[in-house]
Protein chains: 2
Amino acid sequence: MRDRRAERREATKAEILDAAWELVRAEGLATLSLRDLARKVGMQAPSLYSYFESKHAIYDAMFLQGNLELLRRYEALPEFDDPVDEFRSNARLFVGFTVEDPARAQLMFMRSIPGFEPSAETYGVAVRIVERGRERFKKLGVTKPEHFDLWTGIVSGLAFQQIANEPDTERWTRLADEAVDMFLGHINTKRGRAK
Amino acid sequence: MRDRRAERREATKAEILDAAWELVRAEGLATLSLRDLARKVGMQAPSLYSYFESKHAIYDAMFLQGNLELLRRYEALPEFDDPVDEFRSNARLFVGFTVEDPARAQLMFMRSIPGFEPSAETYGVAVRIVERGRERFKKLGVTKPEHFDLWTGIVSGLAFQQIANEPDTERWTRLADEAVDMFLGHINTKRGRAK
DNA sequence: GTCTATATCCAGATAGAC
DNA sequence: GTCTATCTGGATATAGAC
């Protein structure tokens, strides 16, 4: 039998998290306060403690949501005949994900909230995303771990430059395809020479 | 005639800023408080207002110091016979600067302090650094502005991945030289094709 | 589960004596 | 220029009534 009470509770938790996302998008990640958050969902601040045991627990749940969403998008990527298309869509996916919500990226990819560390369970999802990427790249012929790190450096670099310097333009994000060509040209050259 | 009083005052300001750097390096950029800072230099918190008109003014002075230091290092780079060496030393310089003091990089390159915007004068130094880099690259044959942006994306990407994920290793920083080769290979290929 | 009331603590900033 | 004292306001979190 359905547990209607538990369902209601989960719905409220989701509602709180939705409101939290709205606030951090509008006011910045570090500015989130329980007062504002409670008011936004029509509660008093202490009532939030019925749903989350601390403010960090809220950040943790947001961190988890963000990573689940990113994982979902990676897994939803279609199959491509040309591997180049997979690299490109991969890069575009990450850059787009970062730029569409800089506050979320700040939470997920930078260490900017004093004292906040994701819980082990939550962090596990982030690890799975990286593992998945690494394996996918192996299948596409990128076997050296250094090359995968180089890739993450390039792609995140474009994304972070964009949100840090010109969040409203596409100055760096539009370079994603060219960066992919550059990366593939590089590892293919090295492969060619090695043979 | 020397203004001994002004000199003393500047020395004290410098002492306060040194203490502030120590605190942010140890406790994190966002955690800096005027109480702690004052105690560290043997004052009470209100006394700091004799030297800086607000906490943001302290961040601003730090932002300026960081940028002046970075500019100084760029200008101190030796001349190289081989342009490749200049690109490499350039990349190593930025990556090293970022990794040696992540809190400083956070202040200078990310927007992580709520409400803090550098003053116009201070921001000007940051702009000069970028302008200088762009001009230098032009002289080295990197004429397309997109390629300069691609460069900053790559180099900062390696540096930021390093400090965000494994501040105590060299997993990404050691890839700097390879990234330079990749970048140069790419723009040379494009040049070759264009001819 | 939600509220009011409150505890506790901390922050940045100001007033005014010395 | 530095201090004490204080203002003002914010935060997270808890106790206990309903």
Query raised in the report: Would you say B/Arg35 reaches C/dA11's phosphate, i.e. side-chain N/O to OP1/OP2 under 4.0 Å?
Result: yes

Report task. Keeping to residues at least two apart or across chains, list the ring-ring contact (aromatic ring centres under 6.0 Å, His included) pairs with something in residues 127-153 of chain B. Result -> B/Phe87-B/Phe137, B/Phe87-B/Trp151, B/Phe137-B/Phe148, B/Phe137-B/Trp151, B/His147-B/His186, B/Trp151-B/Phe183

Can you list, pair by pair, the side-chain donor-acceptor contacts under 3.5 Å of residues 68-78 of chain A, counting residues two or more places apart and other chains?
from	atom 1	to	atom 2	distance (Å)
A/Glu69	OE1	A/Arg72	NE	3.2
A/Glu69	OE2	A/Arg72	NH2	3.0
A/Glu69	OE2	A/Arg73	NE	2.7
A/Glu69	OE2	A/Arg73	NH2	3.1
A/Arg73	NH1	A/Glu100	OE1	3.4
A/Arg73	NH1	A/Glu100	OE2	3.2
A/Arg73	NH2	A/Glu100	OE2	2.7

**Report entry** Under the side chain to side chain donor-acceptor pair (under 3.5 Å) test, residues paired with B/Arg136 that sit two or more places apart
**Finding:** B/Glu86

Query raised in the report: Counting any heavy atom closer than 4.0 Å, what does A/Gly115 reach on the DNA or RNA strands: base, sugar-phosphate only, or nothing?
Result: nothing

Query - Those residues that, when tested against A/Ala19, pass side-chain contact (heavy atoms from CB on, under 4.5 Å) (two or more places apart) - result: A/Leu37, A/Lys40, A/Val41

Requested in this report: List in numerical order all residues of residues 8-33 of chain A for which some heavy atom is under 4.0 Å away from an atom belonging to DNA chain D.
Outcome: A/Leu32, A/Ser33

Report summary line: ring-ring contact (aromatic ring centres under 6.0 Å, His included) pairs touching residues 111-136 of chain A, sequence neighbours excluded, are A/His56-A/Phe116, A/Tyr59-A/Phe116

Query raised in the report: Near DNA chain D, which residues from residues 43-51 of chain A have a heavy atom under 4.0 Å away?
Result: A/Pro46, A/Tyr49

Query raised in the report: Quick one: ring-ring contact (aromatic ring centres under 6.0 Å, His included) partners of A/Phe97, sequence neighbours excluded?
Result: none

Query raised in the report: Partners of A/Asp181 by side chain to side chain donor-acceptor pair (under 3.5 Å), sequence neighbours excluded?
Result: A/Arg88

Query - Nearest-Å distance for atom pair CZ/C1', residues B/Arg39 and C/dA11 - result: 14 Å

Report task. List in chain and number order the residues that pass side chain to side chain donor-acceptor pair (under 3.5 Å) with A/Glu7, two or more places apart in sequence or in another chain; answer none if no residue qualifies. Result -> A/Arg2

Query raised in the report: Which nucleotide span of DNA chain D, 5' end to 3' end, has atoms closer than 4.0 Å to non-hydrogen atoms of chain B?
Result: D/dG1 to D/dA5

Query raised in the report: Taking only residues two or more places apart in sequence, or in another chain, which ones meet B/Asp36 in a side-chain contact (heavy atoms from CB on, under 4.5 Å)?
Result: B/Leu23, B/Ser33, B/Arg39

Query raised in the report: To the nearest angstrom, how far is B/Leu34 atom CG from C/dA11 atom P?
Result: 9 Å

Query raised in the report: Take atom CD in A/Glu131; do more than 12 heavy atoms of anything else shown fall under 6.0 Å from it?
Result: yes

